[in-house]
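Beneath this line is the structure, given in structure tokens, with notes to follow.
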Protein chains: 2
Amino acid sequence: MSIKYAILGYLSWKPSTGYQLKKNFEESSIMYWSGNNNQIYKALIQLQSEGCVSNEVIHQANSPSKKIYTITQKGLDSLKNWVMLNPEAPEFKKSFLVQLAWSHQLTNGEILSLIEAYENEVKMQLIMHNEKNKRDPVFPKRSSREELIWDMISENFTSSYEKELIWVEKIKKKLNCSNNKE
Amino acid sequence: MSIKYAILGYLSWKPSTGYQLKKNFEESSIMYWSGNNNQIYKALIQLQSEGCVSNEVIHQANSPSKKIYTITQKGLDSLKNWVMLNPEAPEFKKSFLVQLAWSHQLTNGEILSLIEAYENEVKMQLIMHNEKNKRDPVFPKRSSREELIWDMISENFTSSYEKELIWVEKIKKKLNCSNNKE
DNA sequence: TGTCTCATGTAAGGGGTTACATGATTCC
DNA sequence: GGAATCATGTAACCCCTTACATGAGACA
């Protein structure tokens, strides 16, 4: 899927500028794109040419002028249509596992320190995710259902990282055991 | 990371042709690329120009000729170097969560059937992963350590899918509860 | 007769990334 | 004086994907 529908999603919540959307993406773990300018501003132009959004230019005295994008009915329909599509299975892209898979040339010690570096990386990611969610979480609460859903999505991420840490402990223990046998 | 190191990994295990590498990628869940021709054959040419692999052309009577690629010492060094790089955190790209996040326009029933479609998708993926691993798993067993590592990598995938299914049950229950309250 | 396996490659395009460019204001 | 925030946009490039092209033999 492309970033288009994530943008339509934010705009279906409230109108905003490209700049604001960019910050939303940066703050969010769920919306997994980097939120770079190139993608967002291009997507907005494309969405406009498709009639899914419209914009209003606001000239400001002390800041650069900005374009406030608003979703159209066509955009709402297109979003709903996409949301109801048959979901895809999750993608687990863990380049660390590829490194581990080809660690045959390393010593036991080198493998263990590689695993510990991964452990730290995951822990950091978990902390960052939790912090993002604590301070001023940027998500809609238009109904108790919507709040529940966003909470569950956040929990999905938290527990994914936590489960990864449990797995890390397990492989560390296993490697140490077979290490001591020799 | 690019597919290059995954290819070097396979070649560090045993020499093979582009065609064989392609099949390896198709059979593997860990090596998460689609394994399409364009990428593999291009990568092999590039790896050769970097001096990381060499090839030998074999002419066959009843089949098309093939190029057997072998890893060089430079390739082994390059692979080891990459394996020892600081690992990146796992990427969880779950487009389904983006759909859920913007499901505000749907009815409770529509959301539940969306979640169930996701559940089926994850179950199928889990079954496929387990089947791939049962019948003739394509991975090296040059030492007990290597076997242990590949087993743990496979378990990482299995448990990721299983944990996702547990999460699905939880959100289904929560949505049903708040549904009944109304 | 049609599809599968072996085997190598090319064409076109989608989606994403980093870095660059501009320019005023505000805060340390 | 230097960095950060607001605000929009472009250039170059990387990685990956699907689909196309060829051509022989095996199997149903």
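Lettering follows sequence order; numbering is per chain, from 1. For clarity, every value in this text was computed on a predicted model and none was experimentally measured.
- For Tyr19(A), whose side chain is taken as the heavy atoms from C-beta onward, the closest listed nucleotide among dT8(C), dT17(C), dT8(D) is dT8(D).
- Toward the 5′ end of DNA chain C lies the nearest nucleotide of Gln20(B), the other residue of the pair Lys42(A) and Gln20(B) mapping further downstream.
- For Asn38(A) against dT17(C), a side-chain-to-base donor-acceptor contact under 3.5 Å is present.
- Atom CD in Gln46(A) sits roughly 10 Å away from atom C1' in dG14(C) (whole-Å rounding).
- As judged by a 4.0 angstrom heavy-atom cut-off over every strand, Lys22(B) is placed among residues making no nucleic acid contact.
- Spacing between atom NZ of Lys66(A) and atom P of dA24(C) amounts to 19 Å, rounded to whole angstrom units.
- Distance from the side chain of Ser34(A) is smallest to dT18(C) among dT18(C), dT10(D), dC16(D).
- Note that Lys94(A) lies in the cation-pi zone of Phe92(A), set by a 6.0 Å cut-off to the ring centre and a 45° limit from the axis.
- Mapped onto DNA chain D by nearest heavy atom, Lys93(A) and Pro64(B) fall at different nucleotides, with Lys93(A) at the one closer to the 5' end.
- Regarding contacts with the backbone of dT8(C), a side-chain N or O of Tyr41(B) is found under 4.0 angstrom from either OP1 or OP2.
- For Asn36(A) and dT17(C), the shortest distance from a side-chain N or O to OP1 or OP2 is below 4.0 Å.
- As rounded to whole Å, 14 Å separates atom P of dC6(C) from atom CD1 of Ile40(B).
- One finds a side-chain N or O of Gln39(A) lying less than 4.0 angstrom from the OP1 or OP2 phosphate oxygen of dT17(C).
- Between dG16(C) and Trp33(A), a contact under 4.0 Å exists linking OP1 or OP2 to a side-chain N or O.
- Within the 3.5 Å criterion, the main-chain N or O of His129(A) finds no donor-acceptor partner in the side chain of Ser29(A).
- Regarding Tyr32(A), its OH atom lies at a distance of 11 Å from the P atom of dG15(C), rounded to whole Å.
- Atom CG in Asn24(B) sits about 15 Å away from atom C1' in dA7(C), given to the nearest Å.
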Q.
I'd like to know whether Lys172(A) forms a salt bridge (Lys or Arg N to Asp or Glu O under 4.0 Å) with Glu169(A), so could you lay out the CA-CA distance, the side-chain angles of the two residues, the decisive distance to 0.1 Å, and finally the verdict.
A. CA-CA 5 Å; Lys172(A) 273 166 71 179; Glu169(A) 284 311 312; 3.7 Å; yes
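- The CG atom of Leu21(B) sits 14 Å away from the C1' atom of dC6(C) (whole-angstrom rounding).
- Atoms OH (Tyr69(B)) and C1' (dA7(C)) sit 12 Å apart, rounded to a whole Å.
- The Asn37(A) side chain lies nearest to dC20(C) when the options are dG15(C), dC20(C), dA7(C).
- Residues Tyr5(B) and Gln99(A) bring no donor and acceptor atom of their side chains to less than 3.5 Å of each other.
- Nearest-nucleotide positions on DNA chain C place Lys23(B) closer to the 5' end than the other of Ile45(B) and Lys23(B).
- Ring geometry for Trp102(B) versus Tyr10(A): interplanar angle over 60°, hence perpendicular rather than tilted (30 to 60°).
- Of the charged side-chain nitrogens involved, none lies within less than 4.0 Å of a carboxylate oxygen, so that Glu26(A) and Lys23(A) do not count as a salt-bridged pair.
- Here dA24(C) presents its P atom at 17 Å from NE2 of His59(A), a figure rounded to the nearest Å.
- Listed nucleotides: dG9(D), dA7(D), dG9(C). Nearest to the side chain of Gln60(A): dA7(D).
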